[in-house]
Each structure stands twice: as C-alpha cells, then as structure tokens.
Amino acid sequence: MYRFFRPIFFIFSPEPIHRIIMLMLGALKFIPWGRRVVKKCCTYRHKSLEVTVFGIDFPNPVGLAAGFDKNAALTDELACLGFGYVEVGSVTPLAQRGNPRPRCFRLPKDMAIINRMGFNNRGVEAVAANLRKRNPKLVVGANIGKNTLTPNDKAPDDYEKCFVALYPHADYFVVNVSCPNVSSLRELQDSARLTEIVRRLTAFRALQPQRKPILLKLSPDLTPAQIDEALEVVAGEGLDGVVAANTTTCRDGLQSTRGKVDGIGNGGLSGAPLTQRALEMVRYISGKMQGKLPIIGVGGIMAPQDALNMLQAGASLVQVYTGFIYQGPGFAKKICREIAKKQPSKL
Ligand SMILES: Cc1cc2nc3c(=O)[nH]c(=O)nc-3n(C[C@H](O)[C@H](O)[C@H](O)COP(=O)(O)O)c2cc1C
C-alpha cells in the first residue's frame, strides 16, 4: 500500500509532507476507533519481543528515533504504528525556528536523507505540556539539546533546564551532543565539557525519588579514541547507556550525482549509507564495554535484517527514522515479526 503512496509523497519536499502526515495522525483521535484500528493493523505483539532495558519494560525493542516528533505532539498516535517506544526532541529550553528552509532533502537513489533542521522545536515548556497529556503506559524518551544561540560554555545550563522540566514526564533521557546541524555542538563531546554537562544532570537526579536513565547519543564521525573517551565519561559518571548513532557529515560512496549532493550542501546524512558505520560502532562499543552497557542501535536500519544485525552486534534496543520514511507505517511491525521469528534470546 505504502509502495503506491510513496512516489506521490516523494513528489513534494520532505517538510510539507511531514506536516501533512502529522496532521493525518493527529486526526486519528477524532475518528471513532481510529487509533485502535491503526494499532491493530500496525502492531506485532509477541511475548518474545518484550525486553527490560535500564530498568524499563518495553513491549518491543523497536523505537522511533529522535527528530520525527520534536515537540511530543503525537506520541500516542506514533505508538499506534507499532513502535515499542518513542523518543521525542531534540528539545531546547527556548522555542527556536531552526535553520532556514529548505533544510531537509531526500536522496532516493541512496535510500537516504540529508537534514540540517537545527533543533527546530517549541521549547521545553510546550513539550512538557504535551507529555503531561500522553498515555502513561507508553515508553517515551526525551532527547535534550541546547539553544543555538547559547554559547558552549553555558551549554550545561541549557541541558539542565530541559532535564529538570522534563524529568517528571519522560521515562529516559538522551543527551544530544552529536548533532552536526547546530554549530560547534559536537565540540561538547569532548571529555571535560561532557563531564560538566552530565554532572549537572546526575546531581539533580540524585535528589529525585525515582532514578531515570540518562543516555549519551554519539556521532558516527568519532574516531575510536574519541569513542573511548566518551565511554569513559559514560562509565565514570554513572550514565545508563549510549545511543549510536546520530547522522554523519561523511558523503563517501553515495550513488546520487555529485552535483545533487553538493547542491544540497551541509547537513547530517542518514539512512542506508549509515548502515555499516552505525553497526560497526555498536559492535565496537559492545566489545569495549563487554556487553554490559545498554546500547540503542540507530542508523541505516532500512530492512528487518539491519535491525537483527544491530541486536546481534550488541544493541539492546533499536530505533528507526529514515527507514520509516522509505518503508512506511508497517515498518516497525515487519521488524518485530522478523525479530520474533528469530527469538532474540537465541540471537
Ligand atoms: C529530519 C531528521 C531530523 C532529525 N532530528 C534529530 C534531532 O532533533 N535529535 C537527534 O538526536 N537526532 C535527530 N535525527 C537523527 C535520528 O534520530 C537518527 O539518529 C539518524 O537519522 C540515524 O538513523 P536513520 O538512519 O534511521 O535515520 C534526525 C534525523 C532526521 C532524518
């Protein structure tokens, strides 16, 4: 069915289509039984899919990656599409428009997307208000960032503001210091700066009655030495896991013409060109941490086999974004069915 609609969707540029899809999903709650029917059609339930990771029970290990629902406007509706959890954001303390348009581009020949959205979102208060209304049974992660105008030496304040405001409303948190579309953000992956940010969050968490997991999202462009440094912070500061990986600035091996790719300009590349790199990163981290650190594997999961490979490489959970755009609303279900067939415990 989606195969029929996709060429029509792809006539238009990605942002307007994203908005239309969000409107259509939002309209589901006004249709009697709308969400229930969609959930029935798009969800694959099986006991073997249930997992407990960093103390949270997930109905299945397939999540929607950050960036799709930046404002937590439609978490319940997105969960109806078969996802075991939804990560919202990236959220910043203040609302911001992000980079000038156009800022999101498809590369169909590569099954990829290049985006330079730049953390467009309605700000942490609006996101907290949306999360307050969500179905509490659904697992929701909050991906937090800093405002573009906040200098890096003030970045810890921004991350802390988001964390504090969202703490009662999300189940886990992701510190995003790996987005290539906010200038100098990735410099925050440096050990000293990262430690400063993370300590603010763990200090606040220590005072709360409930301990919620904090994960670090890494760039696929880090060298092994830089990954090691980041992992030292994760282990040393008592973080609960990592998300590997964000989008890449690398443009190697693309099938799209040089003219097209150069014409698009800066931005983070996601989708099929990232599959191998993200998988290698998950395998590397899992080996380095002897399988003891929970990893969310994300990047280039375009088919169920890619998700299985991630789990086999050491990920406890996976996420999709670009694969969801190319494969459509049945994608999470397809992945879940394949995982259930292979029985994760026997992977
Ligand atoms: C349009 C777009 C917007 C994104 N926005 C965010 C974001 O705000 N925060 C974040 O951590 N990752 C963001 N991402 C990265 C995804 O969460 C994911 O890490 C990356 O796309 C790799 O997965 P994929 O190949 O399945 O798309 C975005 C990706 C895309 C394509």
Side-chain angles (χ1 to χ4, degrees), residues 13-19 21-22 62-72 78 83 85-92 96 98-99 101-107 110-122 127 141-148 159 162 172-182 185-186 188-189 215-221 242-250 264 267-279 281-282 295-304 306-307 309-310 315 317-327 331-332 335:
S13 54
E15 270 202 78
I17 286 297
H18 185 263
R19 218 169 310 126
I21 288 171
M22 293 299 264
V62 184
L64 181 61
F68 194 91
D69 188 7
K70 289 185 184 269
N71 299 306
L78 287 163
F83 294 107
Y85 64 108
V86 174
E87 191 172 305
V88 301
S90 294
V91 186
T92 57
Q96 61 178 33
N99 292 322
R101 294 174 202 210
R103 53 192 180 177
C104 191
F105 310 85
R106 292 183 210 99
L107 298 179
D110 290 291
M111 303 272 280
I113 290 176
I114 292 177
N115 92 85
R116 50 169 173 275
M117 304 299 286
F119 285 179
N120 55 308
N121 76 107
R122 297 209 180 120
V127 173
N143 181 306
I144 56 176
K146 74 164 188 77
N147 279 114
T148 306
Y159 285 89
C162 292
Y172 74 88
F173 290 86
V174 177
V175 178
N176 182 6
V177 283
S178 49
C179 173
N181 305 316
V182 176
L185 187 89
R186 299 202 298 180
L188 298 173
Q189 289 177 117
L215 288 82
L216 178 67
K217 188 162 182 177
L218 299 170
S219 162
D221 302 330
V242 293
V243 183
N246 214 316
T247 54
T248 176
T249 52
C250 177
I264 288 171
L269 175 71
S270 58
L274 196 55
T275 312
Q276 202 50 35
R277 174 63 191 142
L279 183 64
M281 213 166 151
V282 167
I295 304 169
I296 299 184
V298 51
I301 295 180
M302 309 302 288
D306 298 326
N309 292 346
M310 278 285 195
L317 301 164
V318 295
Q319 290 180 340
V320 296
Y321 189 136
T322 308
F324 176 54
I325 303 294
Y326 280 87
Q327 306 294 347
F331 193 40
I335 298 175

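Read the numbers this way: they start at 1 and go in the same order the structure lists the ligands and their atoms.
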_Which segment of Asn143 sits under 4.0 Å of ligand 1 when only heavy atoms are counted_ = side chain
*Specify side chain, backbone, both or neither for Lys217, according to which of its non-hydrogen atoms lie closer than 4.0 Å to ligand 1.*
side chain
*Does Gly300, backbone or side chain, put an N or O under 3.5 Å from an N or O of ligand 1?*
yes
*Around atom 26 (O) of ligand 1, find the nearest protein heavy atom and jot down its residue, atom name and distance.*
Tyr321 N, 3.1 Å
_ligand 1 contacted by Ala245 (non-hydrogen, < 4.0 Å)_ = yes
_Is the shortest side-chain heavy-atom distance between Asn115 and Tyr321 below 4.5 Å?_
no
*If you measure from each heavy atom of Cys179 to ligand 1, is any distance below 4.0 Å?*
no
*Just jot down the ligand 1 atoms closer than 4.0 angstrom to any heavy atom of Asn246, in number order.*
11 (O), 12 (N), 15 (C), 19 (O)
*With atom 31 (C) of ligand 1 as the reference point, say which of Pro273, Ala244, Pro180, Ser270 has the nearest heavy atom.*
Ser270
*Which residue and heavy atom of the protein sit nearest atom 4 (C) of ligand 1, plus the separation*: Gly67 CA, 3.7 Å
*Give a yes or no on whether the backbone of Arg116 and the side-chain of Asn99 come within a donor-acceptor separation of less than 3.5 Å.*
yes
*side-chain contact (heavy atoms from CB on, under 4.5 Å) assessment of Ile17 paired with Arg106*: CA-CA 12 Å; Ile17 286 297; Arg106 292 183 210 99; 4.2 Å; yes
*How does Asn176 reach ligand 1, if at all, at less than 4.0 Å between non-hydrogen atoms: by side chain, backbone, both, or neither?*
side chain
*Run down the list Asn115, Leu274, Leu64, Ile113 and name the one with the heavy atom closest to atom 30 (C) of ligand 1.*
Asn115
*Apply side-chain contact (heavy atoms from CB on, under 4.5 Å) to Asn246 and Arg186, showing your working.*
CA-CA 11 Å; Asn246 214 316; Arg186 299 202 298 180; over 6 Å; no
_Close side-chain approach of Pro220 and Leu274, heavy atoms under 4.5 Å_ = yes
*Heavy-atom nearest neighbour in the protein, as seen from atom 14 (N) of ligand 1, with distance rounded to 0.1 Å*: Ala66 O, 3.4 Å
*Flag the pair Ile325 / Phe68 as yes when at least one side-chain heavy-atom distance between them is below 4.5 Å, and no otherwise.*
yes
*When only distance counts, is Met117 in polar contact with ligand 1, meaning an N/O pair under 3.5 Å?*
no
*Identity and distance of the protein heavy atom lying nearest atom 20 (C) of ligand 1*: Thr247 CG2, 3.8 Å
_Side-chain heavy atoms of Tyr85 within contact of Gln319, under 4.5 Å_ = yes
_Need the ligand 1 atom indices (1-based, order shown) with element for anything under 4.0 Å from a heavy-atom of Gly271._
25 (O)
*Check ligand 1 against Gly89 and write out every atom of the ligand that is under 4.0 Å from a heavy-atom position of the residue.*
8 (O)
*Would you say Gln319 has any N or O atom under 3.5 Å from an N or O of ligand 1, going by distance alone?*
no
*Euclidean distance, Met302 CE relative to Ile335 CD1, rounded to 0.5 Å*: 10.0 Å
*For atom 27 (O) of ligand 1, find the nearest protein heavy atom and state the residue, atom name and distance (0.1 Å precision).*
Thr322 OG1, 2.5 Å
*Are the side chains of Gln96 and Asn121 in touch, meaning some heavy atoms are under 4.5 Å apart?*
yes
*Please confirm whether the backbone N or O of Asn147 pairs with a side-chain atom of Thr92, one donor and one acceptor, at under 3.5 Å?*
no
*Any idea which protein heavy atom is nearest atom 7 (C) of ligand 1, and the distance to it?*
Ser90 OG, 3.5 Å
*Taking C-beta and beyond as the side chain, do Val62 and Ile301 meet within less than 4.5 Å on heavy atoms?*
no
*Going by atom types only, do Thr275 and Asp306 share a side-chain donor-acceptor pair under 3.5 Å?*
no
*So which heavy atom in the protein is nearest atom 8 (O) of ligand 1, and how far is it from that ligand atom?*
Lys70 NZ, 2.9 Å
*Indicate yes or no: at least one non-hydrogen side-chain atom of Val320 is less than 4.5 angstrom from one of Val318.*
no
*When you measure from atom 18 (C) of ligand 1 to each heavy atom in Ile325, Val298, Val88, which option holds the nearest one?*
Val298
